[in-house]
There are 2 protein chains.
Amino acid sequence: MEKISLILVDDHQMFREGLHLLLSKLNEIDKIREASNAAELFELLKQEVPQLIFMDIDLPGTDGIEITREVLKSHPSINIIALSMYADEVYYLPMIEAGAKGFILKNSGFDDVENSIKRVMAGKYYYSQEILSGLISARNRKKHQQKKNNDLSERETEILQSICLGLSNIEIAEKLNISKRTVDKHRENILQKTKTKNTAGLVMFAIKNGIIPMQ
Amino acid sequence: MEKISLILVDDHQMFREGLHLLLSKLNEIDKIREASNAAELFELLKQEVPQLIFMDIDLPGTDGIEITREVLKSHPSINIIALSMYADEVYYLPMIEAGAKGFILKNSGFDDVENSIKRVMAGKYYYSQEILSGLISARNRKKHQQKKNNDLSERETEILQSICLGLSNIEIAEKLNISKRTVDKHRENILQKTKTKNTAGLVMFAIKNGIIPMQ
DNA sequence: ACTTTACTCAGTATAAATACTTAGTTGCAT
DNA sequence: ATGCAACTAAGTATTTATACTGAGTAAAGT
């Protein structure tokens with residue numbers, strides 16, 4: 001198996017040196033270089049192109065996401081694994097869009113680093129499990145939020161759904177085989193219950209409360 | 001460290017036996033039992049409660065998702081790891097909601113099984129990388145969908161946002177210091193461009209196209 | 001120079017939504 | 001059996017939204 005040459009990009013020297021030491025114990029690793037910012041990285045790239053880059057996201061000046069885009073534009077073959085303190089989607093989604101093959105958290109174990117190298121160098125992707133738990137818990141939070149605080153009756157829910165579909169009261173009345181005035185009344189009651197004052201408010205309420213599917 | 005007692009639930013005998021053999025080589029595992037359906041599983045649960053269950057999703061009769069819900073209702077302390085042939089979100093999302101702590105694919109390596117046991121028994125989640133990348137790519141797809149196909153001008157976008165906030169045309173006119181008739185006209189143009197026919201349609205369009213934040 | 005686009009404003013008319021009030025029916029629960 | 005909640009319906013009035021037409025100005029691009 002070919003030995004791996006890699007570059008660590010991080011503005012904290014201590015972190016860089018620690019990771020450097022840990023990585024140097026791996027047999028697969030051949031050469032490790034370090035950069036603390038974009039300029040240093042591009043200088044290293046001129047000298048020799050590595051197979052792998054560990055890229056910190058929170059860099060002063062040009063951030064890791066922007067650097068990743070630039071590096072991949074000129075060197076598409078390099079595998080980039082993102083490093084972040086936080087499992088927040090405002091970090092990893094842009095990073096993945098930028099082309100990072102992996103995303104691991106700084107406070108996860110070194111086995112995460114090892115696994116990420118193995119998978120990414122095999123042409124696969126690798127994401128920390130913590131990211132998923134963030135996604136899942138966000139999903140669950142939303143699901144729970146949606147279920148509660150919904151005092152609408154069945155009929156009212158049905159009518160609110162129809163409103164969101166863009167139907168007028170007359171059309172809803174025809175669809176449900178009831179009087180237009182009844183729909184008027186329901187709509188009025190829904191406005192009261194949802195504490196909104198017009199159609200726009202109704203639709204927003206419906207979405208926030210999961211009354212209409214809108215993932 | 002306490003030894004783990006677990007149950008394998010799968011309707012394919014050969015798969016069950018193979019996984020049984022592999023698992024029996026792990027030091028952490030103490031006792032392995034097998035069930036091929038819901039009835040057999042609940043029979044085993046009566047005899048002795050395990051710490052862990054590997055649950056196949058595609059079971060004849062009551063499926064793995066439903067069984068997971070029932071098991072966790074009566075035995076919330078049991079850790080359940082789902083097994084599936086497919087990395088499809090129609091499988092894993094309901095399974096996660098049902099309370100499974102892990103989700104691995106049948107065609108991934110045995111190290112996935114080992115890792116899932118370690119993490120789940122430590123009170124954490126574990127999901128196959130394939131699932132994580134599926135979730136993330138789904139999110140990326142959505143983000144990209146939102147950006148395109150938005151012919152609205154700046155002013156129109158501004159007005160659409162105000163509409164979504166529940167403002168009437170008069171209120172929007174005051175807010176932007178323009179005539180109410182101008183807002184009328186903008187609104188008319190937005191209706192045309194978005195191919196919608198009323199306020200509800202406008203709000204739905206705004207959400208689908210990411211014109212208003214709505215995570 | 002010319003066209004296009006965005007933004008602005010108005011007249012006129014109709015349709016729809018909002019507000020407030022009253023009231024009959026049904027089914028369910030205490 | 002009594003009351004409550006949901007669903008139904010209508011009268012009346014006002015406010016908003018939608019539709020179609022016409023038009024001026026400013027900026028930007030060809």
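So you know, we letter chains A, B, ... as the sequences are listed, proteins then strands, and number each from 1.
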Compute the bend angle of the helix from dA1(C)-dT30(D) to dT30(C)-dA1(D) from the end axes (five pairs per end), rounded to 10°.
-> 50°

Side chain to side chain donor-acceptor pair (under 3.5 Å) involving Glu43(B) - partner list, sequence neighbours excluded | none

Distance-only, no hydrogens or angles: does the Gln161(B) side chain make a donor-acceptor pair with backbone N or O of Ile211(B) under 3.5 Å?
-> yes

Sub-3.5 Å donor-acceptor pair from the side chain of Thr68(A) to the main-chain atoms of Gly64(A), do we have one?
-> yes

Looking only at heavy atoms, the pair that brings Ala200(A) and Thr199(B) closest together is N-CG2, 3.8 Å

Toward the 5' end of DNA chain C, by each residue's nearest nucleotide, Lys185(A) or Leu167(A) = Leu167(A)

Has the side chain of Ser128(A) got a donor or acceptor atom that lies under 3.5 Å from a matching backbone atom of Leu105(A)?
-> yes

Could you tell me which residues satisfy salt bridge (Lys or Arg N to Asp or Glu O under 4.0 Å) with Arg16(A), sequence neighbours excluded, listed by chain and number?
-> Glu34(A)

Side chain to side chain donor-acceptor pair (under 3.5 Å) filter on Lys106(B), not counting sequence neighbours, yields Asp10(B), Asp56(B)

Does Asn169(A) have a side-chain nitrogen or oxygen under 4.0 Å from the phosphate oxygens OP1 or OP2 of dA17(C)?
-> yes

Each nucleotide N or O in nucleotides 4-6 of chain C that has a protein N or O under 3.5 Å away: list the pair and distance.
none

Round to the nearest Å and state the distance from Asn189(A) atom CG to dT18(C) atom P.
-> 13 Å

Closest nucleotide of DNA chain C for Ile170(A) versus for Leu191(A): which of these residues is on the 5' side?
-> Ile170(A)

Length of the line joining Lys197(B):NZ and dA17(C):C1', which is rounded to integer Å | 14 Å

Is a donor on one side and an acceptor on the other found under 3.5 Å between the side chain of Arg33(A) and the backbone of Ile7(A)?
-> no

Donor-acceptor under 3.5 Å (Gln51(B) side chain, Met121(B) main chain) = no

Counterpart residues, salt bridge (Lys or Arg N to Asp or Glu O under 4.0 Å), relative to Glu171(A) (two or more places apart) | Lys197(B)

Would you say a side-chain N or O of Thr182(B) is under 4.0 Å from OP1 or OP2 of dC7(C)?
-> no

Across all chains, not counting sequence neighbours, the salt bridge (Lys or Arg N to Asp or Glu O under 4.0 Å) partners of Glu188(B) are Lys185(B)

Say whether, by atom type as modelled, one donor and one acceptor occur between the side chain of Asn198(B) and the main chain of Gly166(A) under 3.5 angstrom.
-> yes

For the pair Asp112(A) (side chain) and Ser108(A) (backbone), establish whether a donor and an acceptor sit closer than 3.5 Å, ignoring hydrogens and angles.
-> no

Boundaries of the DNA chain D segment in contact with chain B, non-hydrogen, under 4.0 Å | dT16(D) to dG22(D)

For Ser162(B) and Glu158(B), indicate whether the former's side chain and the latter's backbone hold a donor-acceptor pair under 3.5 Å.
-> yes

Classify every nucleotide of nucleotides 24-30 of chain C by which part a protein heavy atom approaches to under 4.0 Å, writing B for the base, S for the sugar-phosphate alone and - for neither, in 5'-to-3' order.
-> -------

Specify the residues of residues 173-181 of chain B, ordered by number, for which at least one heavy atom lies under 4.0 angstrom from an atom of DNA chain C.
-> Ile178(B), Ser179(B), Arg181(B)

Starting at atom CG of Asp184(A), determine the distance to atom C1' of dT18(C), rounded to an integer number of angstrom.
-> 9 Å

Looking at every strand, decide which applies to Ser168(B) at a 4.0 Å heavy-atom threshold: base, sugar-phosphate, or nothing.
-> sugar-phosphate

Return all side-chain donor-acceptor pairs below 3.5 angstrom for residues 69-80 of chain B, not counting sequence neighbours, or 'none' if the list is empty.
{"from": "Arg69(B)", "atom 1": "NH1", "to": "Glu66(B)", "atom 2": "OE1", "distance (Å)": "3.0"}
{"from": "Ser74(B)", "atom 1": "OG", "to": "Glu70(B)", "atom 2": "O", "distance (Å)": "3.3"}
{"from": "Ser74(B)", "atom 1": "OG", "to": "Val71(B)", "atom 2": "O", "distance (Å)": "3.2"}

Tell me: CG of Asn198(B) to P of dT18(C), nearest whole Å?
-> 11 Å

Spacing between Glu188(A) atom CD and dA23(C) atom C1', to the nearest angstrom = 14 Å

Show every donor-acceptor pair shorter than 3.5 Å between a side-chain atom in residues 35-42 of chain A and any protein atom, with sequence neighbours excluded, or say none if there are none.
{"from": "Ser36(A)", "atom 1": "OG", "to": "Glu40(A)", "atom 2": "OE1", "distance (Å)": "3.4"}
{"from": "Ser36(A)", "atom 1": "OG", "to": "Glu40(A)", "atom 2": "OE2", "distance (Å)": "2.9"}
{"from": "Asn37(A)", "atom 1": "OD1", "to": "Ala39(A)", "atom 2": "N", "distance (Å)": "3.1"}
{"from": "Asn37(A)", "atom 1": "OD1", "to": "Glu40(A)", "atom 2": "N", "distance (Å)": "2.9"}
{"from": "Glu40(A)", "atom 1": "OE1", "to": "Ser36(A)", "atom 2": "N", "distance (Å)": "3.0"}

